[in-house]
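Every number for a ligand or one of its atoms is a count from 1 in the order of the listing. Note that the coordinates shown come from a computational prediction; the quantities given were computed from them, not determined experimentally. For this chain, numbers begin at 1 and follow the sequence in order.
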Amino acid sequence: MRRVPIIAAVLVIAGIAAGTALPKTAVAPVVAERQASMKAMASAAKTISEIFAGKVAYDAAAFKAATETIRRRSGSAMVDAFPADSLGEPSAAKADIGQSQEEFAALARHLESLAAALSDAADDAPEGITEAMRMKPGMAMGSSLLGKRAGGAADSDPSKIPAEHVFHLMLQNCTNCHAKFREKRQ
Ligand code: HEC
């Protein structure tokens with residue numbers, strides 16, 4: 001079966017493989033915590049991608065744990081991790097988050113719903129990745145993965161689309177938020 005090589009590229013975009021580490025000194029605890037939380041999500045996303053790619057054997061519990069790592073850290077928990085007085089230097093969080101609270105929160109909530117759908121998918125697949133979880137040929141790549149608009153796929157119900165596709169939408173969500181609200185430090 002054909003796997004999805006594009007995942008590797010997307011993980012780079014999401015800041016997982018790239019050298020995006022920031023100096024670990026002189027940031028407030030709330031900043032250090034959210035950066036650690038983002039890193040934990042990146043590591044969980046890597047695990048999920050490796051499972052889909054067949055690099056790591058599927059294990060429903062491990063798959064679910066990774067999705068839950070992301071679910072718990074998104075939604076309102078993520079919004080709360082970016083209080084107004086913590087934005088801007090020396091954090092990479094742009095000050096615009098303060099003026100664009102609604103959009104920022106919508107991205108965080110969308111991530112939560114995508115992670116919840118993946119978590120549910122693990123419950124439905126105790127033995128292995130099912131065909132229903134796989135992205136179908138012709139699905140998605142152009143339109144969803146590389147879609148430009150934040151929240152572009154927010155209207156579709158993630159519980160009704162294959163888990164692998166949901167995962168791609170998730171990575172797209174990470175990238176969308178970073179493009180808009182995270183300072184580039186390369
Ligand atoms: C709603 C917006 C938003 C979403 C969604 C989001 N991020 Fe982030 N992310 C940020 C912001 C803002 C920063 C910069 C935080 C800082 O430096 O204070 C960041 C930083 C990071 C970092 C760098 C952490 C560090 O050590 O400095 C990584 C890695 C990361 N995000 C991964 C992810 C992954 C993976 C996802 C998706 C599963 C994701 N993010 C979803 C906004 C978001």
With no hydrogens and no angle check, just 3.5 Å: does a side-chain donor-acceptor pair link Arg71 and Ser119?
no
With a heavy-atom distance limit of 4.0 Å, tell me whether Phe82 approaches ligand 1 through its side chain, its backbone, both, or neither.
side chain
Ranking Ala40, Ala81, Ala93 by closest non-hydrogen atom to atom 14 (C) of ligand 1, top hit is Ala93
Is there a polar contact, in the sense of an N or O pair closer than 3.5 Å, between Phe181 and ligand 1?
no
Taking ring-ring contact (aromatic ring centres under 6.0 Å, His included) as the definition, give me every residue that meets it alongside Phe104, ordered by chain and number, with sequence neighbours left out.
Phe82, Phe181
Shortest heavy-atom approach to atom 28 (C) of ligand 1 - which of Met170, Lys94, Met38
Met38
Contact partition for Cys174 relative to ligand 1, non-hydrogen atoms under 4.0 Å:
both
Examine Gln35 against ligand 1 and note whether any of their N/O atoms are separated by less than 3.5 Å.
yes
For the pair Phe63 and Phe52, name the ring-plane relationship: parallel under 30°, tilted 30 to 60°, perpendicular over 60°.
perpendicular
Atoms of ligand 1 close to Asn173 [distance to a heavy atom under 4.0 angstrom, numbered from 1]
5 (C)
Counting heavy atoms only, name the option from Lys46, His178, Lys39, Lys180 that's nearest to atom 40 (N) of ligand 1.
His178
Element-labelled atoms of ligand 1 that are located less than 4.0 Å from some non-hydrogen atom of Cys177
1 (C), 2 (C), 3 (C), 4 (C), 5 (C), 42 (C), 43 (C)
Counting distance only, does the side-chain N/O of Lys136 pair as donor-acceptor with the main-chain N or O of Arg134 below 3.5 Å?
yes
Ignoring hydrogens, what is the shortest heavy-atom contact between Leu107 and Asn173? Give both atom names and the distance.
O-ND2, 3.1 Å
Verify, without hydrogens or angle tests, whether Ser37 (side chain) and Arg34 (backbone) share a donor-acceptor contact under 3.5 angstrom.
no
For a quick test of reading the model, state the closest non-hydrogen atom pair linking Thr130 to Ala125 and the distance between them.
CG2-CB, 4.1 Å
